[in-house]
Amino acid sequence: MDMETKKPYMMVTMIQLIYAIMFLISKAVLDGGMNTFVFVFYRQAFATMFLAPLAFFFERKSAPPLPFVTFIKIFMLSLFGLTLSLDLNGIALSYTSATLAAATTASLPAITFFLALFLGMETLKVRSIQGTAKLVGITVCMGGVITLALYKGPLLKLPFCLHLYNHRNIPGEVSGANTSWLKGCALMITSNILWGLWLVLQGRVLKVYPSKLYFTTLHCLLSSIQSFVVAIAVERDISAWKLGWNLRLVAVIYCGFIVTGVAYYLQSWVIEKRGPVFLSMFSPLSLLFTILSSAVLLCEIINLGSILGGSLLIIGLYCVLWGKSREEKNAGDEKTDPHHQEDAVCNEVKVVIS
């Protein structure tokens, strides 16, 4: 295997490692006392500062005019898909663990497919093996979510660990307090549903406003403003807004620059070279990295339910991805065969919201 062939595998592994580090440092600073809403504001503000010069330099001449209606759509997408999603994710992370965050995020492709199906943007051929695989995948993912929320099981802890940023590891607060854990699971799932909805709906807006870099920058800018309004309404203490030369500053710079800048660019590169299915197939790597790292660096006590639930989410994800890739392959074969005419209307299930 030459270097050109290895590049996509190296890049996709780096992407998942970037996300795993994001889960870890976010969990560390939130448990270290940083306000969730302030953290989200700084993250989006740093992302805007990173993207704005790039958008101005590369797309200032090619970007089309922005209609007011499209601006309102982008504003609403930013409000629900970024601001509200990240706020809920931060609150959920304080109730649960970095492992749960990685597990639910790994299942995002399956969540996105389900939302696209519900909105009539995807089809499900129930009489084909591909459709059955996708249906089974969605069902298994739901089973994984239920397992994560309701089953804990025995606690698993490594014999050695480090304490990053005086991370608080109080088993009674996470693995013993059922109400807090269930609340965190519900918020985490809601956050990922909003994020999945953002991914599905932004495709329609990009057809009207195809300038991707300007589009992303405007998202971050609007989300920064929205996050600031929420944060200033919730947190009035000036000391809570101070970053200092500590892990808080590292976290917001990392999430703003590395995650939003580097990871998003690498994702675009991988999708261009190998397609979105290839990228999604490696998303469980972030769960593996997070489980090992959180146990070593944060001394996080992992329960068996998290591992079983995460495993079900991964199995369900691969079922959906396999069915989706087979459908795309078959669709490509049908286009190349001029004599192939198949009426599949009776085999399709579509849910359309009008």
Side-chain angles (χ1 to χ4, degrees), residues 7-8 11-12 14-19 21-22 25-26 37-87 89-90 105 108 112 191 194-232 243 249-276 279:
K7 267 186 181 179
M11 294 300 103
V12 80
M14 187 180 298
I15 290 169
Q16 301 308 322
L17 183 60
I18 287 173
Y19 281 126
I21 295 173
M22 179 192 72
I25 61 175
S26 298
F37 305 104
V38 174
F39 174 71
V40 171
F41 161 69
Y42 277 126
R43 170 180 173 169
Q44 296 305 92
F46 273 75
T48 304
M49 288 189 290
F50 178 81
L51 291 172
L54 298 177
F56 178 79
F57 182 78
F58 290 108
E59 293 189 350
R60 70 180 186 277
K61 295 181 179 179
S62 60
L66 180 63
F68 180 73
V69 175
T70 304
F71 174 80
I72 295 300
K73 290 179 180 179
I74 296 176
F75 180 88
M76 297 306 295
L77 280 176
S78 300
L79 179 61
F80 290 99
L82 291 180
T83 304
L84 186 57
S85 175
L86 290 173
D87 281 339
N89 185 271
T105 303
L108 187 62
T112 304
S191 170
L194 290 173
W195 192 10
L197 196 61
W198 173 69
L199 292 172
V200 171
L201 295 179
Q202 68 173 293
R204 295 181 176 180
V205 181
L206 280 170
K207 291 180 180 179
V208 181
Y209 193 76
S211 181
K212 295 183 179 63
L213 198 50
Y214 257 64
F215 178 80
T216 305
T217 305
L218 186 57
H219 259 105
C220 291
L221 175 61
L222 292 173
S223 179
S224 299
I225 298 171
Q226 295 161 355
S227 302
F228 177 76
V229 172
V230 174
I232 201 67
L243 294 176
L249 181 62
V250 173
V252 295
I253 291 177
Y254 181 86
C255 291
F257 290 1
I258 305 301
V259 176
T260 304
V262 178
Y264 286 8
Y265 172 78
L266 291 178
Q267 283 181 166
S268 301
W269 186 88
V270 171
I271 290 173
E272 181 183 358
K273 296 293 182 181
R274 299 296 299 268
L279 176 65

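Just so it is clear, the structure is predicted and the values come from calculations on it, not from any experiment. Note that the numbering runs from 1 along the sequence shown for the chain.
- For the pair L197/F80, no side-chain contact is recorded, criterion being any heavy-atom separation below 4.5 Å from C-beta on.
- Here the closest non-hydrogen pair linking Y209 and Y214 is OH-CD2, 3.8 Å.
- Between I25 and A251, the closest heavy-atom pair is CD1-CA, 3.7 Å.
- The aromatic rings of H219 and F215 sit perpendicular, their planes meeting at an angle over 60°, well past the 30° parallel limit.
- A distance of 11.5 Å separates CD1 of I253 from OH of Y42, quoted to the nearest 0.5 Å.
- Taking 4.5 Å as the limit, every side-chain heavy atom of F56 sits out of range of all side-chain heavy atoms of T217.
- Nearest heavy atom pair, residue L266 against residue I18, reads CD1-CD1, 4.4 Å.
- Across every non-hydrogen atom of W195 and S85, the tightest pair is CB-OG, 3.7 Å.
- One distance of note links CG of L51 with CZ of F58; it measures 11.5 Å at 0.5 Å rounding.
- Here the closest heavy-atom approach between residue S227 and residue V40 is recorded as OG-CG1, 3.6 Å.
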| task | Begin with the C-alpha distance, continue with both residues' side-chain angles, and end with the deciding distance and a verdict on side-chain contact (heavy atoms from CB on, under 4.5 Å) for K73 and V69. | result | CA-CA 6 Å; K73 290 179 180 179; V69 175; 4.0 Å; yes
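- Between F39 and C255, some side-chain heavy-atom pair lies under the 4.5 Å cut-off.
- Distance check, rounded to the nearest 0.5 Å: CG of L194 to CG of L84 gives 5.0 Å.
- Annotation: side chain to side chain donor-acceptor pair (under 3.5 Å) contacts involving residues 50-71, sequence neighbours excluded, comprise E59-S211.
- Considering every non-hydrogen atom in both I21 and Y254, the closest pair reads CB-OH, 3.3 Å.
- Counting heavy atoms from C-beta on, the side chains of L201 and V205 never come closer than 4.5 Å.
- From M11, atom CE reaches atom CE of M14 across 4.0 Å, with rounding to the nearest 0.5 Å.
- Separating the CG atom in L82 from the CG atom in N89 is a distance of 12.0 Å, to the nearest 0.5 Å.
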| request: Test side-chain contact (heavy atoms from CB on, under 4.5 Å) on L66 and I74 and set out the steps. | output: CA-CA 10 Å; L66 180 63; I74 296 176; 4.1 Å; yes
| task | Give the intermediate values and the outcome of side-chain contact (heavy atoms from CB on, under 4.5 Å) for residues F41 and I232. | result | CA-CA 10 Å; F41 161 69; I232 201 67; over 6 Å; no
| Worked verdict on F257 versus V262 for side-chain contact (heavy atoms from CB on, under 4.5 Å) | CA-CA 7 Å; F257 290 1; V262 178; over 6 Å; no
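- Take V250 and apply the side chain to side chain contact (heavy atoms under 4.5 Å, CB included) test, not counting sequence neighbours, and it matches L247.
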| query | Run the side chain to side chain donor-acceptor pair (under 3.5 Å) check on S223 and Q44 step by step: do they pass? | reply | CA-CA 7 Å; S223 179; Q44 296 305 92; 3.1 Å; yes
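- In this structure, CG in L54 is found 9.5 Å from CZ in F57, a value given to the nearest 0.5 Å.
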